Amino acid sequence: MKRVVFAVILLAGMIYFNFYCFQLITQSKNGVIMRLEELSVVLDENGANEKTAAAAAEFTEFWMDEHHLLCRIVRHELLDQMTSSVSQFYPLAVYKDAAELSAEISRCRMLMEEIWDSERPILRNIL
């Protein structure tokens, strides 16, 4: 009987931990997408200039904090692609390449959605 109780407790702990991790990923996704939207608005209003470069540097700093949280629970290949794309934000803003910066922002948004979607507890992700 002790083994059954231990197995049930262990199963409940695993389920709780998985939902906790998914909640962290969801909160991170919402924060990243909100910040990407803000960066996109700054880019649309000002074009690629010093204000946009400052916003891009701020987002890069924010992403590195999120990256350190997510790298413990998410596949690294998608995070590496996202980090590579984010690292281009500041130089693109400084060198006034607004079209390329807008494309990288859209790419990051898509990658963040893919990260979140790949961690959802649905049948296609389990099999």
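It should be emphasised that the depicted structure is a prediction, and the values quoted were computed from it without experimental measurement. For the single chain, residues carry numbers from 1 onward in sequence order.
In this structure, Phe89 is not a member of the same hydrophobic cluster as Tyr95, with clusters built from ILVMFWY side-chain heavy atoms closer than 4.5 Å. In this structure, Ile73 is a member of the same hydrophobic cluster as Leu78, with clusters built from ILVMFWY side-chain heavy atoms closer than 4.5 Å. Both Val74 and Val86 belong to a single network of hydrophobic side chains, linked directly or stepwise wherever heavy atoms of I, L, V, M, F, W or Y lie under 4.5 Å apart. Leu92 is connected to Phe59 through a chain of hydrophobic side-chain contacts under 4.5 Å among Ile, Leu, Val, Met, Phe, Trp and Tyr, so both are in one cluster. In terms of hydrophobic clustering, with Ile, Leu, Val, Met, Phe, Trp and Tyr side chains grouped at heavy-atom distances under 4.5 Å, Phe17 and Leu69 are assigned to different clusters.
For Glu37 and Arg109, the salt-bridge test passes: some basic side-chain N is under 4.0 Å from an acidic carboxylate O. Contact check on Asp117 versus Lys29 returns no salt bridge, with no Lys/Arg side-chain nitrogen under 4.0 Å from an Asp/Glu carboxylate oxygen.
Between the side chain of Thr26 and the backbone N or O of Phe22, at least one donor-acceptor pair lies under 3.5 Å. Side-chain atoms of Asn125 never come within 3.5 Å of backbone atoms of Pro121 as a donor-acceptor pair (strictly under, hydrogens ignored). At least one donor-acceptor pair under 3.5 Å links the side chain of Ser118 to the backbone N or O of Ile115. No side-chain donor-acceptor contact under 3.5 Å links Ser40 to the backbone of Leu36. A donor-acceptor pair under 3.5 Å links the side-chain atoms of His76 to the main chain of Cys71, judged by distance alone.
Leu39 places none of its side-chain heavy atoms less than 4.5 Å from the side chain of Leu43. Between Leu70 and Trp63, some side-chain heavy-atom pair lies under the 4.5 Å cut-off. In this structure, the side chains of Lys96 and Thr52 stay at 4.5 Å or more apart for every pair of heavy atoms. Put simply, the side chain of Leu79 reaches to within 4.5 Å of the side chain of His67, judged on heavy atoms. By the 4.5 Å heavy-atom criterion applied to side chains, Arg35 and Glu58 are counted as neighbours.
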Test log, rule side chain to side chain contact (heavy atoms under 4.5 Å, CB included), inputs Ser28 and Met112:
CA-CA 9 Å; Ser28 181; Met112 197 65 221; 4.2 Å; yes

Go through it in stages, so that I can follow the logic: the residues are Met64 and Thr83, the test is side chain to side chain contact (heavy atoms under 4.5 Å, CB included), and I'd like the CA-CA distance, side-chain angles, deciding distance and then a yes or no.
CA-CA 8 Å; Met64 291 313 295; Thr83 302; 4.2 Å; yes

Before you tell me yes or no, could you show the steps for Phe19 and Gln23 under side chain to side chain contact (heavy atoms under 4.5 Å, CB included), namely the whole-Å CA-CA distance, both residues' side-chain angles and the distance that decides it to 0.1 Å?
CA-CA 6 Å; Phe19 279 106; Gln23 182 65 27; over 6 Å; no

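A distance of 9.0 Å separates CH2 of Trp116 from CD1 of Ile33, quoted to the nearest 0.5 Å. Put simply, CE on Met34 and CZ on Phe62 are 7.0 Å apart, with the number rounded to the nearest 0.5 Å. Interatomic distance, Leu24 CG to Glu66 CD, rounded to the nearest 0.5 Å: 9.5 Å. Rounded to the nearest 0.5 Å, atoms CE (Met110) and CE (Met82) are 9.5 Å apart.
Annotation: side chain to side chain contact (heavy atoms under 4.5 Å, CB included) contacts of Ser87 (sequence neighbours excluded): none.
Contact detail for Arg120 and Arg124: the closest heavy-atom pair is NH1-NH2, 4.2 Å.
Using cut-offs of 30° and 60° on the angle between ring planes, the pair Tyr20 and Tyr16 is parallel.
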